Amino acid sequence: MKEFQLIQKYFKPLTKNCQAAAGLTDDVAKFSLKKNEELVISKDLFVEDVHFLLKDGGFKIASKLLATNLSDLASSGAKPLYYMLGFSKNKNLDQKFYQEFAKGLSKVQDDFKIYLIGGDTVSSEKLVFSITIFGTVKNDKNLARNKAKNGDLIFVSGSLGDSYLGLKLTAKKLSLQKKYQYLINRHFFPTPRIKLGQKLAEKNLSNCAIDISDGFLADLNHICQASKLNAEIKIENIPTSNSAKNILVADKSFNILDLLSGGDDYELIFSSNPKNYKKIINLSKQLKLDITCVGEFKKSTNKKFGIDLLDKKNNKIKFEKLGYQH
Ligand code: ADP
Ligand code: MG
């Protein structure tokens, strides 16, 4: 399929005729900001055989691409508005792939009321897909990795390790078993925590958040380094789903440390002053989303910053792997 046809048939409908896209007929897209708003931007690149397999199909690939990009905005507390798509094609892609790809984008963009406003299309041997997303946040309200404070509590949304287990089960060809479907879906269809990020920023409940893409430990460590603090984590407080608990019991080849470094959770880790504890529990109820306090940030006595993982008796647990490295 030719570039122009592809854009007209599959991508233009995703603009929903929004003004910013100008019908995908111009060289650029444009939109204005309100006076008291800042623009927040993020980009993700998905490479064939690294981030996805062609056999996953267009629907899964596209929806994960857009969802993970939205997750980056969630960590800043921004409201997402528009996105641009970088699309490479080759002869291995058929009409069904394009159709499913557009459907995947359509599903996620409808969930978050965002629109496609442009992009670029090329041909290449290996498939590469990229999204750049644009959102806004009120001036100076954005959450950032370097804003945690000594004594802040550390919270995490949802449950950890489901996506990692989903991926492993898929590789073990157990993906067709119904009891594992929840975990497999968490791998292919993560839920960007947009509402949570926005509420935390709006209500001044947090200044600091990160979304978990590389692994809970790896991403928490990013906050530690950026905020120059240590994190003390109680392992028994780590939230896990019932499906993950069952697997940990049934299959001794998995353990909790794998879930903490597995990555692809797309949950938020955020910090908050202890005085906000009740408000955060209320927010959790309001959003119908689990939010768990897993530890707190502490001052470092030297120039090194990192994570202490503690067991029930407050003994340090040794761990080697923080997360996925690109
Ligand atoms: P140029 O050659 O000037 O870069 P293109 O011919 O690549 O312009 O693109 C024409 C229009 O189609 C532009 O508005 C561009 O944003 C849009 N477009 C191209 N590829 C995509 C894509 N993958 N997704 C969405 N819009 C696209
Ligand atoms: Mg072009």
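Note that the numbering runs from 1 along the sequence shown for the chain. Each ligand, and each atom within it, is numbered from 1 in the order the structure gives. Keep in mind it's a predicted model, so treat the numbers as computed, not measured.
- At a heavy-atom distance under 4.0 Å, only side-chain atoms of Glu3, from C-beta outward, approach ligand 1.
- Only the side chain of Asp27 comes within 4.0 Å of ligand 1, judged by heavy-atom distances.
- Taking both residues in full, the closest heavy atoms of Asp219 and Ser213 are given as OD2-N, 2.9 Å, listed atom of the first, atom of the second, then distance.
- With atom 18 (N) of ligand 1 as the reference point, the heavy atom nearest to it among Ser130, Gly119, Ala29 is part of Gly119.
- For atom 12 (O) of ligand 1, the nearest non-hydrogen atom from the set Ile117, Ile131, Leu24 comes from Leu24.
- Side-chain atoms of Phe11 and Tyr98, non-hydrogen and from C-beta on, never get closer than 4.5 Å to each other.
- Below 4.0 Å from some heavy atom of Phe87 lie the following atoms of ligand 1, by number and element: 23 (N).
- For ligand 1, the atoms sitting less than 4.0 Å from at least one non-hydrogen atom of Phe11 are 22 (C), 23 (N), 24 (N), numbered in the order shown with element in parentheses.
- Heavy atoms of Leu85 found under 4.0 angstrom from ligand 1 belong to the backbone as well as the side chain.
- When heavy-atom distances to ligand 1 are checked against a 4.0 Å cut-off, Asp26 comes that close only through its backbone atoms N, CA, C and O.
- One finds the OG atom of Ser243 at 9.0 Å from the CG atom of Leu165 (value rounded to the nearest 0.5 Å).
- Closest heavy-atom contact between Ser271 and Asp152: OG-OD2, 3.2 Å.
- Contact check on Glu202 versus Lys141 returns no salt bridge, with no Lys/Arg side-chain nitrogen under 4.0 Å from an Asp/Glu carboxylate oxygen.
- Nearest heavy-atom pair across Phe305 and Cys224 is CB-O, 3.7 Å.
- Taking only nitrogen or oxygen atoms, main chain and side chain alike, Ile7 does not reach within less than 3.5 Å of ligand 1.
- Between Lys64 and Asp44, none of the side-chain N atoms (NZ, or NE/NH1/NH2) sits under 4.0 Å from a carboxylate O, so this pair counts as no salt bridge.
- Taking a cut-off of under 4.0 Å to the non-hydrogen atoms of Thr121, the atoms of ligand 1 that pass are 19 (C), 20 (N), 21 (C), 22 (C), 23 (N).
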